[in-house]
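Working notes, beginning with the structure itself.
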Amino acid sequence: MRKSLALAPILLALSGAALGQTAPPGDAQKTRIDAPGISVPIDVREQYLGRTGEKTAVKFTLSVSRGDLRGAGNAQPRVYSFFLACDVTGVKGEVVETFRVPVDVDLSSSDVTNASKPIAITFLRALPPGALNVQFRLEGVAGRVLGTRAISLTVPAMSSEFRAEDAGGDSAGMPSAAAVVLEAENRPVVPKNASGFVKILAPVTEVPVGLLRIECEVKEPVRRVEFYLEDKKILVKNRPPYTVELDLGKIPKKQTLKVLGFDVQGNFVDADAWAINEKDARLAVRILELPKQKSAGDTVELKVALQSIAGGEAKKLQLWLDDTMLKEWTEPPFTVTVPVAKIQKATLMRATATDAEGKEFTDLKLLKGESRFMSKVEVNLVELPVSVFDSDGRLVKDLPREDFTVLEDAVKQDLSSFEFAESLPLSLGIVIDGSGSMKDAMPLVHQAASEFAHKLVSKEKDQGFVIEFRERPALLAPLTHKAVDLERAIAETHASGGTALYDAVVMALYQFRALPGRKAIVVLTDGDDNHSWTDYQTLRRYARAAGVPIYFIGLNLSFLDMGIKSKMTELSADTGAEAFFVGKASALAEVYRKIETELRSQYFLRYLTNSSKGENQFRAIEVRLKNPKLRAKTIRGYFP
């Protein structure tokens, strides 16, 4: 929607508001309220939903009389715009946070019996545990106060993690953008040195050659399991059963199966290992380096996997660095944190288990030379969609793997896979602006976007979804392999209301959570955001962490819209995509065709990074090509 609104910036990112009713009808009139001398009573309730980062997710519900609001408007019932302002202070008066967000209230009900019934305004905040004072103000657009309410509350520290669905959703069950961002801030509480979240079960029948089936038992919060055979990733499972079939070949040989467990947000939780073909040994020992934890840039966390064979039992387990013993255990968990500097000075790492008879069973790791242990550890998988252009801006296909060099923070990375995009499944998000100013363009939007969906979601392996946004985003078609369902949803879009652009992009990224492989989002809009609860910097951080290319199509934007143009350009460049700007809706079909061509012409690169940077540190990505006349386009970098 292109009309200018006097919106104050949202000072803190993790905010959200919604009304406990459906969106206003398409022809509803919107009125700005600024009525001096009116006092509107406000009732406040709070609900504590769970832990988000180091804070607690709080759901506030403000109840306001419908009749009082109509009186404040001094007009016939219609849709009114207000602002909800809030100041949060500590017991000593220190400012904890301040915010001001827009609220639209639908008073267009023709049922006069509802005049006395309250309207519920709900929103989410992340607040620190402890005693707080909260001052709410319901304001007109010019800042005049219509009603106030002050409350005191003690926010508890929550042990259970907040999930987006805890806050409820819209009529289609989709959570708010604020809930999505709060969930993304969460990190599961895993006790230090905890063990047993991932455990390889002993095979029913263990064979030296041929096929061997192994099952892994996992506990919450593990949601994804990665299997490695001799440090080579062979399988990823995102749901149970967590099993793998190993081809041991025709000749018996000693091998190690390693399993890494991650939570739903990709954070490492636990690991285990299983020794294969240890012959007559009664115990097997394997040293594992665990993926980097938060703020662990100068240390390495190690785990020793101890396996009982034919009833063998260890009395003690020791880990040595050269001739210095790092740790001795008599019971699990067998984990230890070691300074990187200490490991860099050593030559050999040794783990030794001793049984009741005094027999020793050992695993050795070299720390120097080309076969050194630390250089072989695979930590986090990074996926890069890469487009290549010649000097005339034309897409270049069919380049070999050897032509690509990937750098992360200026360090060369070894590619674990290299594929052409055409051979890979595509998950596509189509996001369409349904604000009032799009009305004249809608027929051409339907035609161009439907053709786009039909061409890209053309195989059973491809899938897509459709989101329309006005005052808030709505999921018209969830992820589906049927292009006809996407086309039907696109045809349902219509123009009315405001523009919650940032919230819509957050919700589109949310549809891709825990979904691996090739992905892309295409957003069509004709104006700046004027109704989101997510601010731009929070959206940019969320997009960089998600790593999904976001293509923007800006329709009929003037030179006065430079602010939103620059944000679209920046966000698309961050994510390895592109922003297009057209003056007429008739040009949309050509833009969609350009995006389609690029998505079909990309390369898809994967590598495993062992960067020591923490989770809040940005990692810069660069892709170089052997031919200096060619240019590669991919994500600028990512937050882990």
Side-chain angles (χ1 to χ4, degrees), residues 8 10-21 33-35 37-52 55-73 80-107 114-141 143-158 162 164 166-170 175-179 181-182 471-472 533:
I10 302 174
L11 298 181
L12 287 182
L14 305 180
S15 62
L19 299 180
Q21 52 191 38
I33 294 299
D34 187 24
I38 299 294
S39 178
V40 177
I42 302 173
D43 181 55
V44 180
R45 288 176 295 148
E46 67 274 0
Q47 182 181 3
Y48 306 109
L49 302 181
R51 175 179 55 82
T52 170
K55 298 183 178 181
T56 296
V58 185
K59 181 179 180 179
F60 289 100
T61 301
L62 277 64
S63 297
V64 184
S65 166
R66 187 186 300 268
D68 288 336
L69 286 181
R70 283 177 173 169
Y80 294 111
S81 291
F82 300 91
F83 280 94
L84 181 63
C86 183
D87 297 319
V88 183
T89 58
V91 292
K92 296 181 180 180
E94 71 278 13
V95 176
V96 175
E97 65 169 288
T98 302
F99 65 90
R100 187 172 185 256
V101 294
V103 176
D104 285 343
V105 179
D106 182 9
L107 301 178
N114 285 334
S116 61
K117 293 184 178 180
I119 290 176
I121 302 171
T122 64
F123 67 95
L124 296 172
R125 298 300 294 182
L127 297 178
L132 299 173
N133 298 312
V134 185
Q135 175 78 42
F136 295 98
R137 298 187 306 279
L138 189 63
E139 301 177 349
V141 293
R144 290 177 177 170
V145 178
L146 305 176
T148 64
R149 180 63 189 272
I151 64 171
S152 297
L153 68 162
T154 300
V155 179
M158 307 288 284
F162 170 78
D166 296 340
D170 59 15
S176 69
V181 175
L182 282 174
E471 282 84 2
R472 62 176 299 169
W533 314 118

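Hydrogens, waters and symmetry mates play no part in the numbers below; they use all other heavy atoms, side chains included.
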Is any side-chain heavy atom of [Y] closer than 4.5 Å to one of [X]?
X: Arg125; Y: Phe99; answer: yes
X: Arg137; Y: Asp87; answer: yes
X: Leu124; Y: Leu182; answer: yes
X: Phe136; Y: Ile151; answer: yes

Closest heavy-atom pair and its distance - [X], [Y]:
X: Leu49; Y: Met158; value: C-CE, 4.3 Å
X: Phe162; Y: Ala179; value: CE2-O, 3.4 Å
X: Leu132; Y: Gly90; value: CD2-CA, 4.3 Å
X: Arg149; Y: Val44; value: CG-CG2, 3.7 Å
X: Ala150; Y: Gln135; value: CB-OE1, 3.4 Å

Report the C-alpha distance between Lys92 and Glu94 in whole Å, list the side-chain angles of each, state the deciding distance to 0.1 Å, and finish with yes or no for salt bridge (charged side-chain N to carboxylate O under 4.0 Å, His left out).
CA-CA 6 Å; Lys92 296 181 180 180; Glu94 71 278 13; over 6 Å; no
Straight-line distance of [X] [atom1] to [Y] [atom2], nearest 0.5 Å:
X: Tyr48; Y: Thr154; atom1: OH; atom2: OG1; value: 7.0 Å
X: Ile42; Y: Ser63; atom1: CD1; atom2: OG; value: 10.0 Å
X: Cys86; Y: Leu138; atom1: SG; atom2: CG; value: 12.5 Å
X: Gln47; Y: Lys59; atom1: CD; atom2: NZ; value: 6.0 Å
X: Thr89; Y: Asn133; atom1: OG1; atom2: CG; value: 4.5 Å
X: Leu62; Y: Thr122; atom1: CG; atom2: OG1; value: 9.5 Å

Between the side chain of Thr52 and the main-chain N/O of Lys55, is any donor-acceptor distance below 3.5 Å?
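Answer holds: no.
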Using only atom types and a distance under 3.5 Å, with no angle test, would you say the side chain of Thr56 pairs donor to acceptor with the backbone of Pro156?
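A pair under 3.5 Å: yes.
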Where does the angle between the aromatic ring planes of Phe60 and Phe123 fall among parallel (under 30°), tilted (30 to 60°) and perpendicular (over 60°)?
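Plane angle under 30°, so parallel.
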Cation-pi check for Phe83 against Arg100: NZ or CZ below 6.0 Å from the six-membered ring centre and within 45 degrees of the axis, yes or no?
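Yes, Arg100 and Phe83 form such a contact.
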